[in-house]
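Structure record follows, encoded as structure tokens.
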Amino acid sequence: MTTYNLALIGFGGVNRALAELIRDEPQRFLTLGFELRVVAITDLAFGSLVQGDGVDLDAVLAMPRGSSFDGLPGGSPDPRNEEVIRNSPADIVVEATFTSPIDGEPAVSHVKWAIESGKHVVTTNKGPVALSGPELSRLAASNGVRFEYEGAVMSGTPVIRLAHKMLGGLELRAVQGILNGTSNYVLGRMEAGLRLDEAIAEAQELGYAEADPTADIGGSDVRLKVAILANELLGAGIHPRDVETTGIQDITSDDVAKALASGLRWKLIGEARREADGRVVATVQPIALPSDHPLAGISGATNAASFTTDLLGAVTVSGPGAGRVETAYALISDIMAVNEFAKGAVRA
Ligand code: HSE
């Protein structure tokens with residue numbers, strides 16, 4: 001049985017959910033053919049911890065916010081990210097720190113340090129993938145390791161790997177998606193009669209919205225995801241600033257009611273499409289969809305992506321786009337991809 005040593009970079013909701021799954025459900029991993037052992041954790045609040053024989057997950061998961069790894073064997077009040085990523089005995093670095101939509105840092109550096117020191121990287125962080133994804137993938141390939149990021153779009157619901165693996169052999173012409181749960185939830189609640197601000201407040205209470213919901217409502221969260229899909233699935237080579245972006249902030253209750261009366265539903269749609277001349281055009285905008293559109297029936301905080309293909313026409317997948325456990329599952333699916341690579345089943 002192979003054991004993979006993990007370094008968890010960031011010990012917030014997602015990496016804690018992964019640690020809980022590793023502690024509570026070892027059988028899930030045994031059926032996948034490997035065991036996972038956490039040998040290092042870094043976090044802005046807790047500091048860092050390196051224990052090559054395996055961190056006691058019960059103990060660290062019980063530590064309240066505001067406490068520190070300082071005083072534990074191998075512990076420090078300082079995150080020491082570069083030292084831990086480069087020198088800990090990890091095989092796989094699990095990057096789940098905050099997303100910077102400006103330059104992707106510090107996550108871009110975390111990924112580079114890991115790859116340069118011969119470690120695989122799995123991440124749920126949109127920033128480094130949207131802003132430096134192709135460069136980081138090339139760096140990984142030249143260092144003989146994997147850089148996997150299924151959770152950057154639609155959390156654990158398969159999109160990137162689904163398109164690569166299951167839609168192989170088809171020509172992919174476009175992808176359209178509802179890629180932000182908060183804005184979709186808000187539009188649905190406006191259909192039920194709430195004002196925009198009331199619906200946003202509800203989404204915040206339910207924990208769907210980012211701490212600053214401007215990224216959800218103004219479309220910049222979807223902009224990063226569309227850039228990832230355009231580059232990954234259509235080879236666009238674009239930057240998020242190339243994605244023309246309009247959010248739902250100007251959609252009024254009146255707009256929503258009028259659309260409903262005509263059988264239409266407003267949705268915030270992220271799209272990347274290959275034009276006849278080969279260019280890829282990427283946009284984020286609210287669109288009033290007719291009821292027979294594959295994305296019209298997607299309600300609440302659910303996400304969906306609809307692929308336009310040559311032989312199958314539209315192929316649509318829907319599922320959660322956020323959540324601790326749902327996003328931790330994306331990391332597991334990435335680790336499965338690392339395992340396939342390590343077993344020689346796929347090449348870099
Ligand atoms: N705030 C985001 C959403 C979380 O509502 O979809 C996932 O990126």
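Atoms considered below: every heavy atom in the structure, side chains included; atoms not considered: hydrogens, waters and symmetry mates. Read the numbers this way: they start at 1 and go in the same order the structure lists the ligands and their atoms.
Where the criterion is an N or O separation shorter than 3.5 Å, residue side chain and backbone included, K126 meets it with respect to ligand 1. The shortest N or O to N or O distance between G181 and ligand 1 is under 3.5 Å.
Taking atom 2 (C) of ligand 1 as the reference point, the nearest protein heavy-atom neighbour is E210 OE2, 3.2 Å.
Each of the atoms 1 (N), 2 (C), 3 (C), 5 (O) of ligand 1 lies under 4.0 Å from some heavy atom of D216. With ligand atoms numbered from 1 in the order given, ligand 1 contributes 8 (O) to contacts under 4.0 Å with heavy atoms of D221. Of all the atoms in ligand 1, the ones that sit under 4.0 Å from a non-hydrogen atom of G321 are 7 (C). Residue-ligand proximity, N180 to ligand 1, at heavy-atom distances under 4.0 Å covers atoms 2 (C), 3 (C), 5 (O), 6 (O).
Heavy atoms of T182 found under 4.0 angstrom from ligand 1 belong to the backbone as well as the side chain.
Within the structure, ring pair (Phe, Tyr, Trp, His ring centres under 6.0 Å) contacts touching residues 298-340 (residues at least two apart or in different chains) do not occur.
Using a 4.0 Å cut-off between charged side-chain N and carboxylate O, K112 and E116 make no salt bridge.
Between the side chains of S76 and D78, no donor N or O sits under 3.5 Å from an acceptor N or O.
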Decide salt bridge (charged side-chain N to carboxylate O under 4.0 Å, His left out) for D43 and R16; before the verdict, give the C-alpha distance in whole Å, the side-chain angles of both, and the deciding distance to 0.1 Å. CA-CA 11 Å; D43 183 82; R16 292 176 84 88; over 6 Å; no

Could you go through the salt bridge (charged side-chain N to carboxylate O under 4.0 Å, His left out) check for D197 and R195 one step at a time? CA-CA 6 Å; D197 59 320; R195 289 193 320 266; 3.0 Å; yes

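Distance OG/S88 to CD1/I41: 11.0 Å, rounded to 0.5 Å.
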